[in-house]
Number of protein chains: 2
Amino acid sequence: MDNEKVKELELTLSMERFIQAELLLLLKQKPSHGYELIQRLDDSEFKSAEVDAATVYRNLRRMDKEGMIKSQWEVGESGPGRRLYKLTTQGEEYLIVWTQYIVRQKIKLENFLEAYLRFNQ
Amino acid sequence: MDNEKVKELELTLSMERFIQAELLLLLKQKPSHGYELIQRLDDSEFKSAEVDAATVYRNLRRMDKEGMIKSQWEVGESGPGRRLYKLTTQGEEYLIVWTQYIVRQKIKLENFLEAYLRFNQ
DNA sequence: TAATACTATATGCATGTTGCAAATAGCCGA
DNA sequence: TCGGCTATTTGCAACATGCATATAGTATTA
């Protein structure tokens, strides 16, 4: 990813979309489909409070459209068809940007807590 | 604050509103008016990227209405009138809830980073 | 004196994201 | 056949934000 792209991505990053980072990380660990990701997310230690299925599916479609992940429609021997998602190279790079952003967020929170404690002695 | 109230507050908390926690902490340190808070925020190590004045003023009005802070209109010898904000007891309690929430957020981010690193060697 | 800049707050509007609810659909067990 | 689980999608209201703009008093400077 070129620098311009990274800058643009960083600007649109927000904790509101933290779900994207969570999904990218899970997909880096192994390809999954939405329903499974919801369950894996629910088991992870970094999940956001409650996982809303609609939010997961919507973010998956968006990242698919943006090329971060790639989907493939699968019709198994049983159950309804499902979309298997895999991380793309671009998605891996995006995950790195996310990780750097999260490091900065963490520092910001630490600074807040430090200031809070400093003032409460 | 009773437990029900705390629960309700925690549910509506989100990093999107982190600005509220920042403002409450600054007001705990000392009473200020909006314009000054924007400058103090800009100098703090925990500020969110850029501070939008409208967002600051709107959040101050909201927290005023909700009783977290209390405003008092001041007409100085010079310059336009301004609203001096002070933290209320309820606001102090809310700041504690925020702080606990931020601790949990920080842990979440640490868990994410740990999972990320664990998977990258 | 007029123009400009700074202090100080408020509001309108478009945009983007979310949660909840509901629709669709295949499969399986009782 | 009815309910329940797997699996995904879409509509809608609610909400928060950024940007632009309005308003207004004061101070500086050309």
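Numbers restart at 1 for each chain; the letters A, B, ... are given by sequence-line order, proteins then strands.
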Given atom [atom1] of [X] and atom [atom2] of [N], what is their separation to the nearest angstrom?
{"X": "D52(B)", "N": "dT11(C)", "atom1": "CG", "atom2": "P", "result": "15 Å"}
{"X": "Q72(B)", "N": "dA8(C)", "atom1": "CD", "atom2": "P", "result": "16 Å"}
{"X": "I19(B)", "N": "dC15(D)", "atom1": "CD1", "atom2": "P", "result": "20 Å"}
{"X": "D64(B)", "N": "dT9(C)", "atom1": "CG", "atom2": "P", "result": "12 Å"}
{"X": "I38(A)", "N": "dT18(C)", "atom1": "CD1", "atom2": "P", "result": "14 Å"}
{"X": "E36(B)", "N": "dC6(C)", "atom1": "CD", "atom2": "C1'", "result": "15 Å"}
{"X": "L84(A)", "N": "dT6(D)", "atom1": "CG", "atom2": "P", "result": "18 Å"}
{"X": "W73(B)", "N": "dA8(C)", "atom1": "CH2", "atom2": "P", "result": "11 Å"}

Next on the checklist: Please check if the number of heavy atoms outside K70(A) that lie under 6.0 Å from its NZ is greater than 12.
Outcome noted: no
Checklist entry - Between L60(A) and I69(A), what is the shortest heavy-atom contact and its length? => result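 Scanning both residues, the minimum pair turns out to be O-CD1, 3.4 Å.
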Checklist outcome for this item: Scanning both residues in full, the closest heavy-atom pair of H33(B) with L84(B) reads N-CD1, 4.2 Å
Checklist entry - Looking at F46(B) versus F18(B), is the centre-to-centre ring distance below 6.0 Å? => result no
With a cut-off of less than 4.0 Å, is there a side-chain N or O of [X] near OP1 or OP2 of [N]?
{"X": "R82(A)", "N": "dT8(D)", "answer": "no"}
{"X": "Y57(B)", "N": "dT9(C)", "answer": "yes"}
{"X": "H33(A)", "N": "dT8(D)", "answer": "no"}
{"X": "T55(B)", "N": "dT17(D)", "answer": "no"}

Next on the checklist: Starting the side chain at C-beta, find the nucleotide from dC19(D), dT9(C), dT17(D) nearest to A54(B).
Outcome noted: dC19(D)
Item to check | Closest to the Y35(A) side chain, choosing from dT17(D), dT8(D), dT11(C) | outcome: dT8(D)
Next on the checklist: Could you check whether the side chain of R58(A) and the base of dG16(C) have a donor-acceptor pair of N or O atoms closer than 3.5 Å, going by distance alone?
Outcome noted: no
Checklist entry - Would you call the rings of W98(A) and Y94(A) parallel, tilted or perpendicular if under 30° counts as parallel and over 60° as perpendicular? => result perpendicular
Next on the checklist: Applying a 4.0 Å non-hydrogen cut-off, can you work out what R61(B) is touching in the nucleic acid: base, sugar-phosphate, or nothing?
Outcome noted: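 R61(B): backbone/sugar contact only, no base atoms under 4.0 Å.
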